[in-house]
Protein chains: 2
Amino acid sequence: MKNIPNIIVSRLPVYLRALNHMQSQSQQTTSSQELGEFVGVSAAQIRKDLSQFGEFGKQGTGYNIAFLIKKLREILKVDRVWDVIVVGTGDMGHAIARYQGFTNRGFRVAMVFDNNPTLIGKEVGGFVIQDAKTMVNAIREAGIEIAMLTVPDTAAQEVANQLIEAGVKAILNYAPISLSVPPGVMLQYLDPSIGLQRMTYYLE
Amino acid sequence: MKNIPNIIVSRLPVYLRALNHMQSQSQQTTSSQELGEFVGVSAAQIRKDLSQFGEFGKQGTGYNIAFLIKKLREILKVDRVWDVIVVGTGDMGHAIARYQGFTNRGFRVAMVFDNNPTLIGKEVGGFVIQDAKTMVNAIREAGIEIAMLTVPDTAAQEVANQLIEAGVKAILNYAPISLSVPPGVMLQYLDPSIGLQRMTYYLE
DNA sequence: TAGATTGTTAATCGATTAACAATC
DNA sequence: TAGATTGTTAATCGATTAACAATC
């Protein structure tokens, strides 16, 4: 397949989320105009983005929502369920382990790790907290490729290194710190302070 | 001041985070080369971005980290502490209310709200959970401009409307749903599934 | 059919990079 | 001084938008 710009790929999950919402409102079809307004991009961009992957609409009537959802899920490879692990069971790890929002979006928490002896063996969100020492082997054996990192920032790079050693290819990092990863390993950041600081510039 | 592209503004918090990290390692100076490698952008882009706001470096020696941190904090208006509110005290709201990572990054949780009668009056992270019915007035009286939204998706738009009515200008939305806000109100999303779906496209 | 809306092309716009004089 | 690195300009690259023929 053609090489698709990452900026386009990164918008598809947002389109998918909006379409799922429309579907939950029992809506059957939408247009590039409507979807664009909903997610805050131009209609032309919606059409251009989607056209990278095929022809999913009909002139005059727009897009069938169920069909477009199906296609986007295939494109994004979330027409399956990926096992993900959570490393770190502080408040944030706790919240993620119990998070219900992964359902129908392609992900399932499979295992939860911590290195704190007083937490290992305890339960969180239905998972037994496993010893971080056993993490690399457990990831390898389960063939897990995705990890969510909620350890303290001082430990984040070291844990990331272990994840990579274990074969993890995608890391969602909650620690407020830039991580260094080799080519072929992907990284996304979820740092609330960054989100807020992107807005304060415009305040007052 | 000149109109700065948002894409540049959005990178500044990442630079700032990296500089803070370097400083915590007792590093005194850095170069556009080094900082760029650290955060994953080109040295030219670092210099171009910073040059929008002034001349902060010295030829031959690079940037004084403490000085550049000071300047970036001023630019991003996080050389002060912003009061933010948390709406919704589920697991995620809980984690945010107790989050220590806002310290020194310009934010402080000031109030916490929920509409669940069994939670109102209880404590979370040292805050008494206040009745969401009193939220609009409380925000107005305190002059709060920033809110973090961790309510269920079905309630998110409605709560966002109340926040906007109360004068909130910046919303960090944890609910996995696109919100509609009027011009002048800023919005950032922290949806873990979106982050993960931006990576699965490239997996396997 | 008439109206609506797609997919695509070409034009525009904006962002990134390369290169280098200036200078610490 | 020699080496390093900035700030900035011009060139390149890439993304977005406008427009419209095609067609449902």
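Across all strands shown, D:dG3 is found opposite C:dC24 as a Watson-Crick or G-U wobble partner, with both distances under 3.5 Å. Taking a pair to require two hydrogen-bonding distances under 3.5 Å in either a Watson-Crick or a G-U wobble arrangement, C:dT12 pairs with D:dA15.
The side chain of A:Q59 places no N or O atom within less than 4.0 Å of a non-bridging phosphate oxygen (OP1 or OP2) of D:dA22. The phosphate of C:dA4 has neither OP1 nor OP2 within less than 4.0 Å of any side-chain N or O from A:Y63. Checking the phosphate oxygens (OP1, OP2) of C:dT16, a side-chain nitrogen or oxygen of B:R11 falls inside 4.0 Å. Neither OP1 nor OP2 of D:dC24 sits under 4.0 Å from any side-chain N or O of A:T61. For the OP1/OP2 pair of D:dT6 and a distance below 4.0 Å, the side-chain nitrogens and oxygens of B:S32 include at least one atom meeting the criterion. Within the structure, a side-chain polar atom (N or O) of A:S42 is placed less than 4.0 Å from OP1 or OP2 of D:dT17. Considering only side-chain N and O atoms, A:R47 lies under 4.0 angstrom from the phosphate OP1 or OP2 of C:dT6.
Salt-bridge check for A:R17 with B:D153: failed, with every basic side-chain N at 4.0 Å or more from each acidic carboxylate O. Contact check on B:E204 versus A:R80 returns a salt bridge, with a Lys/Arg side-chain nitrogen under 4.0 Å from an Asp/Glu carboxylate oxygen. We find that B:D191 and A:R105 are joined by a salt bridge, their nearest charged nitrogen and carboxylate oxygen being less than 4.0 Å apart.
Distance CD (A:Q33) to C1' (D:dT17): 13 Å, rounded to an integer number of Å. For the pair B:L68 CG and D:dT6 P, the computed distance is 11 Å after rounding to whole Å. In this structure, CD of A:Q45 is placed 15 Å from C1' of C:dG7, rounded to the nearest angstrom. Whole-Å rounding puts the B:F56 CZ to D:dG7 P distance at 8 Å. Rounded to whole angstrom, the span from the NZ atom of B:K58 across to the C1' atom of C:dT23 amounts to 12 Å. The CG atom of A:L50 sits 13 Å away from the C1' atom of C:dT8 (whole-angstrom rounding). When rounded to the nearest whole Å, the span between CZ of A:F53 and C1' of C:dT6 equals 17 Å. Here D:dT9 presents its P atom at 9 Å from NZ of B:K48, a figure rounded to the nearest Å.
Counting only N and O atoms by type, the side chains of B:Q188 and A:Q197 include no donor and acceptor under 3.5 Å apart.
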*List the steps, then state whether side chain to side chain contact (heavy atoms under 4.5 Å, CB included) holds for B:L172 with B:I146.*
CA-CA 8 Å; B:L172 190 66; B:I146 305 176; over 6 Å; no

